[in-house]
Every structure is written in C-alpha cells, then in structure tokens.
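Below you'll find the structure, written out as structure tokens, and then a few comments.
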Amino acid sequence: MDVPELLEAASLLVPEETATENDITVHDIWDYLVHDEWETALGLLEELGHGRPQPLAFWEALADAAEQLRLERSTAWCHWRCYEIRNGIIRAELTLRPAEEARRTAPIPGAGILRPMWNIGHRSPSGEVSVNIARLWIEGGHSLEPGGRAAVRLAPLVPSRWQHLEPGRRIAMHEDRTVAGTATILEICPPTTGAPPESCA
C-alpha cells in the first residue's frame, strides 16, 4: 500500500471518541489526508496512539507509512510500539551519573539505538551479578546528557527475564563494569497481542 492507503487503514482502527490532548480526533485527521498532508496526519495518528492502546495493525501501518516518508524517528517509534504490543511495556525514570563520575561524557541517543546492560537482580550460578540487555528509548527527547534525568522505555532482548520487576524497583544501567545510571521502574504493562489491553502495574 502507498502512504495515503496506510494512513487511512490506520485511522479506521481508531475509535471515533479517541482524542489527543488538543482534542484532535480521527475526523480531523481525515481533513489532513484529503489535502495530502501526510506527515501531519502521521504525527497526529501517533499522538492518538498515546492516549489509548491501539492494535498491532495500527502501528504496523504507521511504521510502513513513516518508512515510505523517510521519517527515521517516526519509523523507529512505530516499530518500538509494535515491539511493546508483542512483549509488554516497561517505563522507568533514568538518572545518569554526571560526566565527572562516569566514563560516559557524551549524551546518550534517545531513539532506541543504545543497548545498555542492566542489573535487574539476576545472579550467575557462581553468585556473580548477571546483567540483561535492553534497548533504551527516551520519552520526549532526542538524547540525555550525563547527570540528566528522564522518563524512558526499555525493550529487553529477553523479555521473560524481566517479568519479576514491579513499579518502584530500582535497577542499574551499565555500559561497562561500572554503573552508568540508575532507573526506578514506573510502569509495567503485559503484552496485548491477541487480547484486549490489560491494566498496567
């Protein structure tokens, strides 16, 4: 399908009563589609997806449209949401150590590029700390400076190893053997593929 068809298909999956924070509804998005304002329509559909869980097909259509429009960050975000539908959502508040206390002196990228290791409480058979890898997405920003704090989303390489986490739990981020930052779990949501969305912990 081409971009207009993909955006139309995605918009048909959004309940009519769903609205953005600025009270934009799917009816408003149809006006943008009629006038071939595809990038604006895509951005608004992404916003509609924040307020109420949308099905996998919605995010897959948006990902395809964003890719055709060559919008790299939107493409990455829509693929990220597809991952969360299949594997669940993990949101946390991450605080990086200041540059003078850690090896990292440059900002970390925010669009799911970085794959740091996390100490989430697992141990090896010999009793040593066993870390787990999860990609990192910074909410509302393109990067996070050393010493900074932001809400983040995590996409574990092996989601089943993260099922024991609960809101309030603190975990440590590593890029090497030293601690690069600490995160407090804010929200855990189960996968929603093939089932109605469940409540988050």
Report task. Following the transitive rule for hydrophobic clusters with a side-chain heavy-atom cut-off under 4.5 Å over Ile, Leu, Val, Met, Phe, Trp and Tyr, establish whether Val14 and Leu6 coincide in one cluster. Result -> no
Residues at least two apart in sequence or cross-chain that pass salt bridge (Lys or Arg N to Asp or Glu O under 4.0 Å) with Glu128, listed by chain then number, are none
**Report entry** Sidechain N-carboxylate O distance under 4.0 Å for Glu67, Arg73
**Finding:** no
Closest non-hydrogen contact found for Arg123 with Ser130 is C-CB, 3.9 Å
In short, Leu94 meets Gly181 closest at the heavy-atom pair CD1-C, 4.3 Å
Could you check whether any side-chain heavy atom of Val26 comes within less than 4.5 Å of a side-chain heavy atom of Ser11, counting everything from C-beta outward?
yes
Mind running side chain to side chain contact (heavy atoms under 4.5 Å, CB included) on His174 and Asn119 for me, showing each step along the way? CA-CA 8 Å; His174 294 259; Asn119 177 356; 4.1 Å; yes
Nearest heavy-atom contact between Ala172 and Val179 is CB-CG1, 4.2 Å
Check your understanding: Take atom CD in Glu17; do more than 12 heavy atoms of anything else shown fall under 6.0 Å from it?
Key -> yes
Practice item. Determine whether the side chains of Glu16 and Thr25 contain a donor N or O and an acceptor N or O closer than 3.5 Å. Key: no
OG of Ser143 to CD1 of Ile113, rounded to nearest 0.5 Å, is 10.5 Å
*asked:* As a quick check of understanding, evaluate side chain to side chain contact (heavy atoms under 4.5 Å, CB included) for Glu166 and Ile185, giving each step before the final call.
replied: CA-CA 7 Å; Glu166 296 179 350; Ile185 301 296; over 6 Å; no
Rounded to the nearest 0.5 angstrom, the CG-CG distance for Asp28 and Leu48 is 9.0 Å
Would you sort out whether Ile89 and Ile188 count as a side chain to side chain contact (heavy atoms under 4.5 Å, CB included), showing the intermediate values?
CA-CA 6 Å; Ile89 298 171; Ile188 301 283; over 6 Å; no
Check this for me: Arg170, atom CZ, are more than 12 non-hydrogen atoms of other residues, nucleotides or ligands nearer than 6.0 Å? no
Please verify the inter-ring angle class for His122 with His164; under 30° counts as parallel, over 60° as perpendicular, anything in between as tilted. perpendicular
Taking side chain as C-beta onward, heavy atoms only, is Pro15 less than 4.5 Å from Gln54?
yes
Exercise. Passes side chain to side chain contact (heavy atoms under 4.5 Å, CB included), Arg86 versus Thr192? Steps please.
Worked result: CA-CA 6 Å; Arg86 294 185 184 103; Thr192 57; over 6 Å; no
Taken to the nearest 0.5 Å, the spacing of Ile90 CD1 from Glu187 CD works out to 11.0 Å
Contacts of Arg149 meeting side-chain hydrogen bond (donor to acceptor under 3.5 Å, both in side chains) (sequence neighbours excluded), chain-then-number -> Thr95
Closest non-hydrogen atoms of Gly49 and Trp59, given as atom of the first, atom of the second and distance, are CA-CZ2, 3.6 Å
Taken to the nearest 0.5 Å, the spacing of Glu72 CD from Arg70 CZ works out to 10.5 Å
Linking I/L/V/M/F/W/Y whenever their side-chain heavy atoms sit closer than 4.5 Å, directly or via other members, would Tyr83 and Ile133 fall into one cluster?
no
Shortest non-hydrogen pair, Trp80 vs Gly112, comes out as CZ3-CA, 3.7 Å
In this structure, CG of Leu45 is separated from CG of Leu7 (nearest 0.5 Å) by 6.0 Å
By side chain to side chain contact (heavy atoms under 4.5 Å, CB included), Leu13 pairs with (sequence neighbours left out) Pro55, Ala57, Phe58
### Exam field: side chain Thr75 to backbone Leu71, donor-acceptor pair closer than 3.5 Å
yes
Output for pair (Met173 CE, Arg104 CZ), nearest 0.5 Å, gives 6.5 Å
### Query
Taking everything shown except Glu5 itself, do over 12 heavy atoms lie less than 6.0 Å from its CD?
yes
* Given the rule that I, L, V, M, F, W and Y join up when any side-chain heavy atoms are under 4.5 Å apart, are Ile120 and Val131 in one cluster? -> no
For Arg115, the side-chain hydrogen bond (donor to acceptor under 3.5 Å, both in side chains) test, sequence neighbours excluded, returns none
Pairs of donor and acceptor atoms involving the side chains of residues 134-141, under 3.5 Å and at least two apart or interchain, shall be tabulated with distances.
| residue | atom | partner | partner atom | Å |
| --- | --- | --- | --- | --- |
| Glu139 | OE1 | Arg91 | NH2 | 3.0 |
| Glu139 | OE2 | Arg91 | NE | 2.7 |
| Glu139 | OE2 | Arg153 | NH1 | 3.0 |

* To do: Hey, can you tell me if Trp118 and Trp162 have their rings parallel, tilted or perpendicular (30° and 60° cut-offs)?
  => perpendicular
Heavy-atom closest pair (Glu145 atom, Leu96 atom, distance to 0.1 Å) is O-CD1, 3.6 Å
Extract all donor-acceptor atom pairs below 3.5 Å that involve side chains of residues 29-42 and protein atoms in other chains or at least two apart in sequence.
| residue | atom | partner | partner atom | Å |
| --- | --- | --- | --- | --- |
| His35 | ND1 | Asp31 | O | 2.8 |

Show your reasoning for whether salt bridge (Lys or Arg N to Asp or Glu O under 4.0 Å) applies to Arg97 and Glu175. CA-CA 12 Å; Arg97 291 178 65 191; Glu175 293 187 84; over 6 Å; no
- Query: Just wondering, do His142 and Pro109 contact through their side chains at under 4.5 Å, heavy atoms?
  - Reply: no
